[in-house]
Visitor: 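This is the structure I want to talk about, given as structure tokens.
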Amino acid sequence: MGSLFRSEEMALCQLFLQSEAAYACVSELGELGLVQFRDLNPDVNAFQRKFVNEVRRCDEMERKLRYLEKEIKKDGIPMLDTGESPEAPQPREMIDLEATFEKLENELREVNQNAEALKRNFLELTELKHILRKTQVFFDESVPMVYKSTSTYSSNKYRRYLQMADNQNEDEQAQLLGEEGVRANQPGQNLKLGFVAGVISREKLPAFERMLWRACRGNVFLRQAMIESPLEDPTNGDQVYKSVFIIFFQGDQLKTRVKKICEGFRATLYPCPEAPADRREMAMGVMTRIEDLNTVLGQTQDHRHRVLVAAAKNLKNWFVKVRKIKAIYHTLNLFNLDVTQKCLIAECWVPLLDIETIQLALRRGTERSGSSVPPILNRMQTFENPPTYNRTNKFTKAFQALIDAYGVASYREMNPAPYTIITFPFLFAVMFGDLGHGAIMALFGLWMIRKEKGLAAQKTDNEIWNIFFGGRYIIFLMGVFSMYTGLIYNDIFSKSLNIFGSHWHLSYNKSTVWNNNYLQLSPATSDYEGTPYPFGMDPIWQIASSNKIVFQNAYKMKISIIFGVLHMIFGVIMSWHNHTYFRNRLSLLYEFIPQLLFLVVLFFYLVLLMFIKWNRYAATNEFPMTEACAPSILITFIDMVLFKNSKAPGKDCNIYMFAGQSFFQTIFVLIALACIPVMLLGKPIKIMQARKLANVQPITGASDAEVGGMSNGGGSHGGGGEHHDEEEMSEIFIHQGIHTIEYVLGSVSHTASYLRLWALSLAHAQLAEVLWSMVLSLGLNKEGWLGGIFLTVVFAFWAVLTVGILVLMEGLSAFLHTLRLHWVEFQSKFYMGHGYAFQPFSFDTIIENGGAVTETE
């Protein structure tokens, strides 16, 4: 059977490569992506392997490329991505690549350092320009610094400069000169104050003022002004808001103290001449230097941009080349060297059907390297479980991912993915059945399918979008199937389509219909044509407000049980394929047969009762086969299990639906009860007998084909079963008891679990009806041009709620419930999922995962 229904047959091979040809051969195998290498040096430290130096060189090249990529992204330069994958370079080309990357990195770092130095110089000149401007304003506004001994401060205007002494009494105000300076100053003499000017970050200014006030005891005078435009920090490029300040003081002691405070707050001090003429001259010089710096900075940025644009054209290809080289050397580290140091030995898992393709790739690698010694690929015998490899394409990949999320299939176990392609969207559609909502979902999936090449090329990091895009075919099929079930339910946005015309007719007048809320139509009268609606549900049920939900409840509940029982029976039949493939005779006789019998005689019989009831009882039939005499199937099933005689549903009605029903029901229950001890004890007893015959306790070396596997799909060579060669008999009995109890109780609970199909379908339909009646109908009832505007607003609101709640949230809920039905109710009947995935050495996978090379065992 092909790999669509089972995983590929795998072979463990031994590969002999000449040292000179090993690199080229592994490169060809990486392009092919069909070989999973095993680590033959598990006890050797990663730093002691043969090609560790080459791996380190690749790491260093990757670091340089990441640096270039960061600088390119910082400048917003688009990187050319042709989508092509260049071949892995030859080992001798590594030196050229290293030289190219080294040159680019050094050049870029030198340009960045020069640009940073120029920006720092530009920042200093800009700050000095603002200082010269602001301090000139300060000096122009200030009064002459003349102090007399007869008065602390002679000018009211200058008192406003004492901002540090606000809210203090005049007796407590600190004097700028101090007592000694006042006494030393004689009337008629001028005393000149010292000052420093600088720039400080605006957010530090309040704390800076307080510190000056406290440390200098108020004997300084501070003026500050904000720089309106932000300044660029040359280190990180951030925009910083700063302020200019000037501090007046007297004496060297205060000068030293002020400078230390400025240093502590990272304030930058600049020389500021005292004479106005000197300040003007310095300002002119500063402006000239700023203009020159702008010119040099522009040229530097242009040169940097040219370097980055040239690198951006090849960056993607460089990344691919380096990652391929690194992956090759990482893989070569898994190989062993023979005693002559001239041959590399590897062990690998390969698909059996692809051995010839792999040999051709090895031959191409040998020819590329110029080696005269051909590689040798020998198949080895092993008792290890091979990896599981299911071939997929872009359509089946998403469905296979759903199965693998539960557990990777055991080797050669039946693969549920092909059947899931049909059953998954169908069961989803049973819960989500609406023609309108299904169309929205199908159109969204179809749009992603039509645009898949362009959308895949974008390679976004948005995880939610990647999930949607990866499951585009699932979404499309779920939408299409939902449209089909929506037609069956005759439901489109909670309304019905009257395509073929209703097969019911009203025999009452208009007033009776409008005034009688409990009026019902009888199929036994001329109200019904006698034939059902050609496709789906009759649209007459759309206006049946009182008993519509009663009818739909019964209908959807029954089809949920029918689909559920058929789904579970199909799962049990799948276990038969596993048992026969792995020649597990004990599991076939003592698990599959009793499990199938148990499910058929109880739950499939329940399904048959539903069809018998639908077929035999109708309102148009003669008594006692009318609808009033139709027995309850649930009560009949409970009485059957409890061995009770059923009661007639009405006077003179038949108790049973067909002749001999009581006898058959008794036989069915007895068969089901007899299946339980067979499942519980049959297999362990046979295993115990086989061990006694072999006169070995416990048996070692016997295969499961002789003593039987424990579970569905047991097998010897990595099959889907557990090995019991060394298990104690007590453990085998316990395990079999657990599985039997789980199956018997699970049959009941799993059948009830399928009622979620009915519950979610009902909830979805009711939510759609609520949105229509409480939102959209409000706009439809308005008339006139105001009604048109109101309808537009209401429709937009209704559309948002429909897409957000009914399509997205309800769709996600139905998806999760469908997933549970497949994982638990369906796959538990046959699927073990104890395998491990085939992880071939593939360049495509490595590049797609960003170069993360995982070790293969």
Side-chain angles (χ1 to χ4, degrees), residues 422-448 468 471-500 502 533-545 548-560 562-563 754-777 779-780 794-819 821:
I422 300 300
T423 60
F424 191 93
F426 178 74
L427 292 182
F428 172 88
V430 173
M431 294 181 274
F432 195 75
D434 188 289
L435 182 60
H437 302 154
I440 294 173
M441 185 174 290
L443 288 175
F444 177 60
L446 184 62
W447 173 76
M448 289 191 291
F468 276 116
R472 58 193 179 278
Y473 289 97
I474 298 179
I475 293 174
F476 174 70
L477 285 182
M478 290 192 303
V480 171
F481 276 69
S482 297
M483 292 171 66
Y484 168 75
T485 53
L487 287 172
I488 295 294
Y489 297 156
N490 204 350
D491 207 354
I492 173 170
F493 298 120
S494 80
K495 296 301 174 184
S496 295
L497 298 174
N498 192 6
I499 300 175
F500 304 103
S502 176
Y533 193 70
F535 185 81
M537 199 174 292
D538 197 295
I540 193 69
W541 289 106
Q542 182 62 39
I543 60 173
S545 58
K548 172 187 175 183
I549 194 170
V550 176
F551 166 74
Q552 288 188 344
N553 266 346
Y555 168 69
K556 293 182 178 180
M557 187 186 302
K558 288 182 174 63
I559 64 171
S560 298
I562 293 170
F563 291 147
Y754 279 93
L755 290 175
R756 69 185 68 237
L757 299 174
W758 153 63
L760 266 77
S761 174
L762 186 65
H764 186 81
Q766 291 301 306
L767 277 174
E769 191 169 344
V770 166
L771 276 185
W772 183 283
S773 60
M774 298 188 67
V775 179
L776 190 59
S777 62
L780 295 173
V794 169
F795 177 79
F797 183 60
W798 173 81
V800 170
L801 291 180
T802 298
V803 174
I805 296 178
L806 292 179
V807 177
L808 286 178
M809 294 180 63
E810 279 285 306
L812 178 61
S813 174
F815 178 88
L816 294 176
H817 283 284
T818 309
L819 196 61
L821 289 177

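Treat the numbers as computed from the prediction; the structure is a model and nothing was measured. When a residue number appears, it is its place in the shown sequence, counting from 1. We use all heavy atoms of the structure for the numbers below, so side chains are in, but hydrogens, waters and symmetry mates are not.
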Visitor: Does F426 form a side chain to side chain contact (heavy atoms under 4.5 Å, CB included) with L477? I'd like the steps, not just the answer.
Guide: CA-CA 9 Å; F426 178 74; L477 285 182; over 6 Å; no

Visitor: Tell me if a side-chain donor or acceptor on T485 pairs with a main-chain N or O of S482 at a distance below 3.5 Å.
Guide: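 Present.
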
Visitor: Can you tell me how far apart CD1 (I559) and OG (S761) are? Round to the nearest 0.5 Å.
Guide: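 If I round to the nearest 0.5 Å, the distance is 7.0 Å.
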
Visitor: Could you grab the distance from atom OH of Y484 to atom CZ of F535, nearest 0.5 Å is fine?
Guide: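 Between atom OH of Y484 and atom CZ of F535 there are 5.0 Å.
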
Visitor: Any idea how W798 and F795 line up, ring-wise: parallel (<30°), tilted (30 to 60°), or perpendicular (>60°)?
Guide: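 Plane angle between 30° and 60°, so tilted.
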
Visitor: Between F476 and R472, is any pair of side-chain heavy atoms under 4.5 Å apart?
Guide: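 Side-chain contact under 4.5 Å: no.
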
Visitor: List the steps, then state whether side chain to side chain contact (heavy atoms under 4.5 Å, CB included) holds for D538 with N490.
Guide: CA-CA 7 Å; D538 197 295; N490 204 350; over 6 Å; no

Visitor: For M557, does its backbone N or O pair with a side-chain atom of N553 as donor and acceptor, under 3.5 Å?
Guide: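 No.
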
Visitor: By side-chain hydrogen bond (donor to acceptor under 3.5 Å, both in side chains), which residues pair with S560, not counting sequence neighbours?
Guide: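 Partners of S560 under the side-chain hydrogen bond (donor to acceptor under 3.5 Å, both in side chains) test: none.
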
Visitor: What is the minimum heavy-atom distance between E810 and L767, and which atoms define it?
Guide: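 Nearest heavy atoms, E810 then L767: OE2-CD1, 3.5 Å.
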
Visitor: Step through it carefully: locate the ring centre of Y533, locate the ring centre of F500, and say whether they are under 6.0 Å apart.
Guide: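 For Y533 and F500, the ring centres are under 6.0 Å apart.
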
Visitor: Hey, are the side chains of F444 and I440 touching, using non-hydrogen atoms and a 4.5 Å cut-off?
Guide: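 F444 vs I440: side chains apart.
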
Visitor: Has T818 got a side-chain atom pairing as donor or acceptor with A814's backbone, closer than 3.5 angstrom?
Guide: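 Here the side-chain-to-backbone pair exists.
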
Visitor: Ignoring hydrogens, what is the shortest heavy-atom contact between A442 and M483? Give both atom names and the distance.
Guide: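 Scanning both residues, the minimum pair turns out to be CB-SD, 4.1 Å.
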
Visitor: Give, for atom CE of M537 and atom CG of L487, the distance between the pair rounded to the nearest 0.5 Å.
Guide: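 CG of L487 is found 12.0 Å from CE of M537.
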
Visitor: Taking the side chain as every heavy atom from C-beta outward, state whether W772 and L780 have any atom pair closer than 4.5 Å.
Guide: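 Counting from C-beta outward, W772 and L780 do come under 4.5 Å.
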
Visitor: Give every donor-acceptor pair under 3.5 Å between a side-chain atom in residues 430-437 and any protein atom, sequence neighbours left out.
Guide:
{"residue": "D434", "atom": "OD1", "partner": "G436", "partner atom": "N", "Å": "2.9"}
{"residue": "D434", "atom": "OD1", "partner": "H437", "partner atom": "N", "Å": "3.1"}
{"residue": "D434", "atom": "OD1", "partner": "F493", "partner atom": "N", "Å": "3.1"}
{"residue": "D434", "atom": "OD2", "partner": "F493", "partner atom": "N", "Å": "3.2"}
{"residue": "H437", "atom": "ND1", "partner": "H764", "partner atom": "NE2", "Å": "2.9"}

Visitor: Are any of the side-chain heavy atoms of L757 and L821 separated by less than 4.5 Å?
Guide: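 Answer yes - side chains close enough.
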
Visitor: Show the nearest heavy-atom pair for residues L762 and K556, with the distance to one decimal.
Guide: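 Taking every non-hydrogen atom into account, N-NZ, 4.5 Å.
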
Visitor: Supply the atom-to-atom distance L427 CG to F563 CZ, rounded to the nearest 0.5 angstrom.
Guide: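 Atom-to-atom, L427:CG and F563:CZ are 8.0 Å apart.
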
Visitor: Does K495 have any salt bridge (charged side-chain N to carboxylate O under 4.0 Å, His left out) partners at least two apart in sequence or in another chain, and if so, which?
Guide: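 Salt bridge (charged side-chain N to carboxylate O under 4.0 Å, His left out) check on K495 returns nothing, list empty.
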
Visitor: At their closest point, which heavy atom of F468 faces which heavy atom of M448, and how far apart are they?
Guide: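 Taking every non-hydrogen atom into account, O-CE, 3.6 Å.
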
Visitor: With no hydrogens and no angle check, is any side-chain donor or acceptor of Q542 less than 3.5 Å from a backbone partner on S494?
Guide: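 Yes, Q542 side chain to S494 backbone: donor-acceptor pair under 3.5 Å.
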
Visitor: So do the side chains of I549 and Q766 get within less than 4.5 Å of each other, counting heavy atoms only?
Guide: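 Result yes, sub-4.5 Å side-chain heavy-atom pair found.
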
Visitor: Within the 4.5 Å heavy-atom criterion, are L801 and L806 side-chain neighbours or not?
Guide: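 In short, these two side chains do not touch, never coming nearer than 4.5 Å.
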
